[in-house]
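It should be emphasised that the depicted structure is a prediction, and the values quoted were computed from it without experimental measurement. A, B, ... follow the sequence lines: proteins, then strands. Residue 1 opens every chain.
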Amino acid sequence: MALRKFVRPEPGRVPAAVLAVLVHLVFFAFLIFGLNWKTESPEGMMVDLWSSLPPAPAKTAPPPPPKPIEPAPEVKPPETKPLPQPEPLPKPETPPPSKPDIAIKEKTEKPKPEKKPLENKQQLEKERKEKELQEKKEQEQREKERKEKAEKEQKEKERKEEEQREKERKEKEQKEKERKEKAEKERKEKERKEEEQREKERKEKEQKEKERKEKAEKERKEKEQQARVAAEVEQLRREQEERDRLQAEAAAQARLAKEIDEYKARILAKIRRNIVMPQDLPGNPVVEFDVTVLPGGDILDVRLRKSSGFTAFDSAVERAIALSKPLPLPPDPALFPKFRNLSVKVHYLE
Amino acid sequence: MSPTVSQDMSLFQLVGSASLPVQLVMLLLVIASLMSWWYIFRKLFVIREAERQCDEFENVFWKGTDLNALFQSAAASRHTAGSMERIFEAGFREFMKHRRQPGMDTGTAMDSTRRAMRATYQREMDRLESHLSFLATVGSVSPYVGLFGTVWGIMNSFRGLSNVAQATIAHVAPGIAEALIATAMGLFAAIPAVIAYNRYASSMDRLATRFESFMEEMSNVLQRQAGG
């Protein structure tokens, strides 16, 4: 019955193996890459340590000055790291004096070549100079005369102008004075008028204010009067309302009381219907029970409060109460509290 | 162990400098991880195939094809048939045998048909569930194996510390790092194995439910045929 004794070849054995190896290769590649990436941070720290040595300021200072004098030391600083510190010290000392020397020499040499050709032409130059001097003197004389003349004219002119200016200034002052007086007069006139105007306005205003006040007073009085009347009316209305409300309440209460009485009577009637009266009891005995009622009319508890003296009657009434559930209750649940603890009083005779 | 800052912390360096037991543990874990991934993929293919064949056969069966014709085709393609087809084939073969014998009542025939189907069902489930326990084993054991490697490595690295006068973190850190790799490997092997095991187990349950309900329905069909 064995339908297959052979083992069926499973699908995808080789692809599964390839995939498994692939997963591991990917994972290890990721791991190696990640760890290699992390190892670079320690190298960075090494660089930090190396750069914290302080030859930097000494190394940067020397390069510019020694260049023109000796090019050899330029190669030295980068080659050996600890050496630069002692070597740079003498270097900056030597270059500064040597450079100024050259500068001074160049300056002193420059004027010399100019003097030599001058000596050769001294004779000619001298004659030319004397001539020039004479010409110059004459010219100066002329210049002086011209200047004096001009000065004189200038002074005359200035004096005239000064006089003219003085005159003008005086006229101006006169005019200014007149103008000011006039303005002062006008201003005073104006002020006076304004004062009058203001006075007038003030009076009018006062008058108006007085009238307004009187009017307001009158209005206020009227208002008060009205308010008093309104308050009285309101008072009356409220009293009326209060009376109405009380009446309505009383009516409602009466209605409720009526309803309660009605349902109590119904309960009693129901109980009465269920009583199996014992025969031939003397007189009119009365039994009283306390009944605890549940919402919905169920009876929770029946307790004898006052016996009639006849056990047969008492037990007959108790049975009847138990039989009468559910008791008829008013549909309004608000009235239920009145029925929670019911006292049932049953007379033997109707 | 020279504790310099520039020590190479690459993966191979860490594995290579580990002690022999730790290296053995790592080797074991690598093999376990490879195997579990192999089975994960194999089972993935197998289960997918089984579900596909199941769907196909149910489609054909409920289309109202003639049972005899279906049985002929199932018997012909026995080597490539799916599990449900095999169950059907075994049940129908048993049923036909009983029909040919005269004087056999229907109840006995149905009983033996059901037994035949159940036998095939169990065989098929066994085939589908093979190697799943390996995944469960890798999932639960390899973290412990990795932890063992780690503990061993840390023990060694602390023992080396006892000879040093001034103990710094740099003395122990590389040892601990290389030991922790064993734990990482264990977790790497365990996590996929556990996930795959849970997934495949639930797939198996669903397949088993399908087979069982098919067997019940099949019994009903055959009983009706026997009665009619």
| query | Quick one: what part of Y39(B) sits under 4.5 Å from any heavy atom of chain A, side chain, backbone, both or neither? | reply | neither

| Mutual orientation of the aromatic rings belonging to H24(A) and F188(B) [parallel < 30°, tilted 30-60°, perpendicular > 60°] | perpendicular

| salt bridge (charged side-chain N to carboxylate O under 4.0 Å, His left out) contacts touching residues 269-278 of chain A (sequence neighbours left out) | R272(A)-E350(A)

| query | Can you tell me if W38(B) uses its side chain to pair, donor with acceptor, with the backbone of R13(A) under 3.5 Å? | reply | yes

| request: Enter the distance from L22(A):CG to F41(B):CZ here, rounded to the nearest 0.5 Å. | output: 8.0 Å

| Heavy atoms from other residues, nucleotides or ligands near CZ of R303(A) exceed 12 (cutoff 6.0 Å) | yes

| query | Quick check: are there more than 12 heavy atoms from other residues, nucleotides or ligands sitting under 6.0 Å from CZ of R52(B)? | reply | yes

| request: To the nearest 0.5 Å, tell me how far M185(B) CE sits from F28(A) CZ. | output: 4.0 Å

| request: Please identify each residue that fulfils ring-ring contact (aromatic ring centres under 6.0 Å, His included) with Y263(A), with sequence neighbours left out. | output: none

